[in-house]
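Read through the structure below, which is laid out as C-alpha cells, and then see the notes.
Reminder, nothing fancy here: chain letters follow the sequence lines and each chain counts from 1.
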Protein chains: 2
Amino acid sequence: MVTIKDVAKATGVSPSTVSRVIADNPRISPDTKKKVRKAMKDLGYHTNISARNLVVKSTKAIGVIMPSSADKALQNPFFPEILRGIGSVTHRMKYSVTLSSGQTEEEIYEEVQRMVFGSYVDGVILLYSRLNDRVTNFLIERGFPFVIVGKPYENVNGITHVDNDNFTAGKEITEHLIDQGHEKIAFIGGSKDLFVTIDREAGYEAALQEAGHEVSDSYKIHTEFLKSGGREAVENLMSLKTPPTGIVVSDDLMSVGVLSMLEESGVKVPRDVSLVSFNNVYLSEIILPALTTVDIQIHELGAQSAKALIEKTVNKTEPVKRISIPYEIVYRDSVSRLP
Amino acid sequence: MVTIKDVAKATGVSPSTVSRVIADNPRISPDTKKKVRKAMKDLGYHTNISARNLVVKSTKAIGVIMPSSADKALQNPFFPEILRGIGSVTHRMKYSVTLSSGQTEEEIYEEVQRMVFGSYVDGVILLYSRLNDRVTNFLIERGFPFVIVGKPYENVNGITHVDNDNFTAGKEITEHLIDQGHEKIAFIGGSKDLFVTIDREAGYEAALQEAGHEVSDSYKIHTEFLKSGGREAVENLMSLKTPPTGIVVSDDLMSVGVLSMLEESGVKVPRDVSLVSFNNVYLSEIILPALTTVDIQIHELGAQSAKALIEKTVNKTEPVKRISIPYEIVYRDSVSRLP
DNA sequence: CTGTTAGCGCGTTCAC
DNA sequence: GTGAACGCGCTAACAG
C-alpha cells in the first residue's frame, strides 16, 4: 500500500504537504501541487479512509436502515428505487452507503448501535417509521443525526423527515373517483399502524365526506399483505348488498393482488369496479389494466432524505425540517366513468 | 467518545490489557476480564472501527455492486431479496455492507476503485455480469477478492461465482410444458447479452430438440424490458400462422408484462396459451393467473455469495468456487394441459 | 508557502 | 498475567 509518506519521499516534500495538496489547500504552490499530483498518480496513491476517518472523526458514510423483514414489504419495488434515489446524492457528494442487514427488530437495533458507537457512519436514514421504535428513540437520545422517510410517530416537529402529503394525495385520488361519478368507494390498506395507510385513508374519508357520500366501516379493509386473508376480505367486500364501484388501494403492489382477486371473482376492472392506488411503481404501468395511481416520486424521496441528512451531519445545528415531496396523479386505465 | 484508555484508567489496568479482553485473549485472568468488561459496559465503551481497521488492515465490510441503471432491471424485486440474502450472513458474521450508488458504468467503476484502494471493504459482490466489464477486469488485475452472482463471461473457472444451473432449469421448465402436451413453444427473454437469458434459452432449445419439436427463430423474441417494443413483438408472435401454445419467459416481472399484452390481444392464460417463467418473486404468487415458475432461491443466492466472499477475504488462498444453487419448479396456474 | 511535531484509537510486539 | 512502547496512515496545529 502506497502511503502519503511514499509520495512525499518521491516528491521530496513532507508528508503534510502531500496531505495539503490532497485537501487542495490554497496555500500550496501550483508547482508543488503539480509535482505531488503526478507522483500520486505514478505511484498509484489512494488515501486510506480509515486513517483519515480516525483523525477527522467523520466517515462520509451514511447508514440506511431497512424495515425488519416482519414488514414483508421488502419485496416492494419501493426499496430499490429509494435506494437509487439515495445513491444519486450520496454518490455526487462522495459519500458511501452502509445498508442495514438485520432481519429482526432486535438485530437492527444492535446494528444501529454498532453503526453509531463504532463510528461507522455520520448519520442514518430510517426507511420506516414505527410507533415506539427503539431505534428511533436511541437515535434521539444520542442526538445522532438521522432522518426518516415517512412520517414520525412522535415528535413530528422534532424529527426531520421527508414524506409526501399522503392525506391530500389520498383525498385527491379519491376525488378523482368521485369526479368520475363514483359514490360507493372502498379503501383497502395495509397494516393500520403504518402512517402511510392512516394518512391516505384519512384523505379518502375526507373526500367522501366533503362530497357527502357515505363512509362505511364495511368499506374499509386492512390486510397485511394480500394472501389468503386478503382474499376473503375482498370477497366479502364485493358481496355486500351494495358493493363499491370504486376502490382506493394504498399501494401498487397490493393493487396487483386486489386485481387478481377481483378478476377471480369475475369482476372486471375497470368495467365493474374502478381501482386507484399509490406509488407508481414500474409494475403499475405494465399490468393490465395499467393503474391510475399517484406518483409519489420515490426516487426524489430518497434523494431528498439523503440530502437533508448530509446537511445535518455537516452542520449539526441545521434546523429540523419537514420536507414534502410533491406527488402527481398519473391517469391510466383502471378507472371508468360512471353514468 | 470513550476509548480504551478510559476503560483502562477506570479499571486500573493498562490499555493493552483492555485491548486483550476485547480480543478475549486467553492469557488474561478471568477476574480482570470481568472487571474490565464491567467498566466497558458502565462507561459505554464501543470500539472505534476506524482505529481498528487502520491497524488490522481489514474492514469487515463488503461492497455490493448493483448493475448500472442502464440495466433498468433495478425495479426487479430480485434485488431487495438478494440484498436480504446477503444481509443474513453478513449480519451473522458481523460484517457490514456498503452499497454502490453509482448510476452509470463509469460512476460505478470509480466507486469500486475508491472502495478497494481506499480500503473501504475487504471484498466485493458483483450483482451483474457483463462482457468485458471494466470493474471485473480491475478486480482481477488487483487480485481483489470478489464474487459474481451469475455466470462470468470470461474466465469462468477463475472467478468464484454463485449461480443457478439456468440451462437445466430452462430445459426442465420447458419440458414441463412439453409434458403437458405443448409443442409450439416460444421464448421471450431480456437482453441477449445477459447470461441468464442465454442459458435459459439454450435450455429451452435443448428441451425442444430432445422432444423432436421445432425450434424456430420466429418463436424467440428478445426485448429490453417490456414496453412499446415488446408489445409489438408479442403481437407478432401471436399472429403467426401457427402461434405458440406455450411461452417460456425469462423472468417473472417480464411475465407480468407479457400477460398484460396477451390479455389485451384477447388471448387468455392459460386457456389459450400457457406461460412459465423464472425467479418466483412474490409477485408471481399474487398475480392472476399465479405463475408456474422456477424458484431460483434468490435469498440463498445472496447468502451463498456473501459466505463465499467472506471466506475468500479471510483466507486469500481459498480456491475458486463455482457454487450452484438448486432451483425448484413451483407449479401454479399459468399452464394448461393440451389434449 | 512548507516542514516538524503530535496524536487520533487501537493492536501488537517485547519485556517483566 | 500484565504493562510500556511503538506504529498503522493521516491531519492539524505550530513554526518558520
Side-chain angles (χ1 to χ4, degrees), chain A residues 1-40 43-61 94 114-122 314, chain B residues 1-40 43-61 94 114-122 314:
Chain A
M1 163 166 280
V2 26
T3 80
I4 246 181
K5 286 183 189 166
D6 300 321
V7 181
K9 220 160 280 175
T11 333
V13 301
S14 82
S16 44
T17 300
V18 177
S19 175
R20 288 188 182 107
V21 345
I22 292 171
D24 203 16
N25 186 316
R27 319 186 302 185
I28 296 287
S29 81
D31 281 15
T32 35
K33 274 192 182 173
K34 197 149 289 179
K35 256 196 319 186
V36 171
R37 293 222 171 90
K38 180 172 185 332
M40 295 200 306
L43 301 189
Y45 168 81
H46 288 263
T47 137
N48 179 315
I49 194 68
S50 297
R52 164 178 289 160
N53 288 351
L54 184 54
V55 33
V56 302
K57 281 154 175 22
S58 140
T59 59
K60 298 247 277 175
K94 294 204 182 305
R114 280 200 331 175
M115 281 193 189
V116 342
F117 285 133
S119 301
Y120 280 82
V121 297
D122 292 344
V314 311
Chain B
M1 164 167 279
V2 25
T3 80
I4 247 181
K5 287 184 190 168
D6 300 321
V7 181
K9 222 159 280 176
T11 333
V13 302
S14 83
S16 41
T17 299
V18 178
S19 175
R20 287 187 180 107
V21 345
I22 292 170
D24 203 18
N25 187 316
R27 318 186 303 184
I28 296 289
S29 79
D31 281 15
T32 36
K33 274 192 183 172
K34 196 149 292 178
K35 255 196 319 184
V36 171
R37 293 222 173 91
K38 179 171 186 330
M40 293 201 306
L43 301 188
Y45 169 83
H46 288 262
T47 138
N48 179 315
I49 193 67
S50 298
R52 164 180 285 160
N53 287 351
L54 184 56
V55 32
V56 302
K57 280 151 174 25
S58 140
T59 59
K60 298 248 276 175
K94 293 203 183 304
R114 281 201 330 177
M115 281 192 187
V116 342
F117 285 132
S119 301
Y120 281 82
V121 297
D122 292 345
V314 312

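Across all strands, Thr47(A) comes closer than 4.0 Å only to sugar-phosphate atoms, never to a base (heavy-atom distances). Nucleic acid contact for Leu54(B): base, since at least one base atom lies under 4.0 Å from a heavy atom of the residue. Within the 4.0 angstrom heavy-atom criterion, only backbone atoms of the sugar-phosphate kind lie near Arg52(B); the bases stay farther away. Residue Val13(A) is classed as a sugar-phosphate contact, given heavy-atom separations below 4.0 Å to backbone atoms only. Contacts of Ser29(B) with the nucleic acid, taken as non-hydrogen atoms under 4.0 Å apart, involve only primed sugar atoms and P, OP1 or OP2.
Side-chain N/O atoms of Ser50(B) include none lying less than 4.0 angstrom from OP1 or OP2 on dG9(C). Under 4.0 angstrom from either OP1 or OP2 of dG11(C) there lies no side-chain N or O belonging to Lys57(B). Here Thr32(B) reaches the OP1 or OP2 of dT2(D): one of its side-chain N or O atoms lies under 4.0 Å away. The phosphate of dG9(C) (OP1 or OP2) has no side-chain N or O of Thr3(B) nearer than 4.0 angstrom. Listed pair Thr17(B) / dT2(D) fails the phosphate criterion, with no side-chain N or O lying under 4.0 Å from OP1 or OP2.
Looking only at side-chain heavy atoms (C-beta outward), Asp24(B) and Lys33(B) come within less than 4.5 Å of each other.
Put simply, CE on Met1(A) is 7 Å from P on dG9(D), counting in whole angstrom units.
Donor-acceptor pairing under 3.5 Å, judged by distance alone, is absent between the side chain of Ser16(A) and the base of dT5(C).
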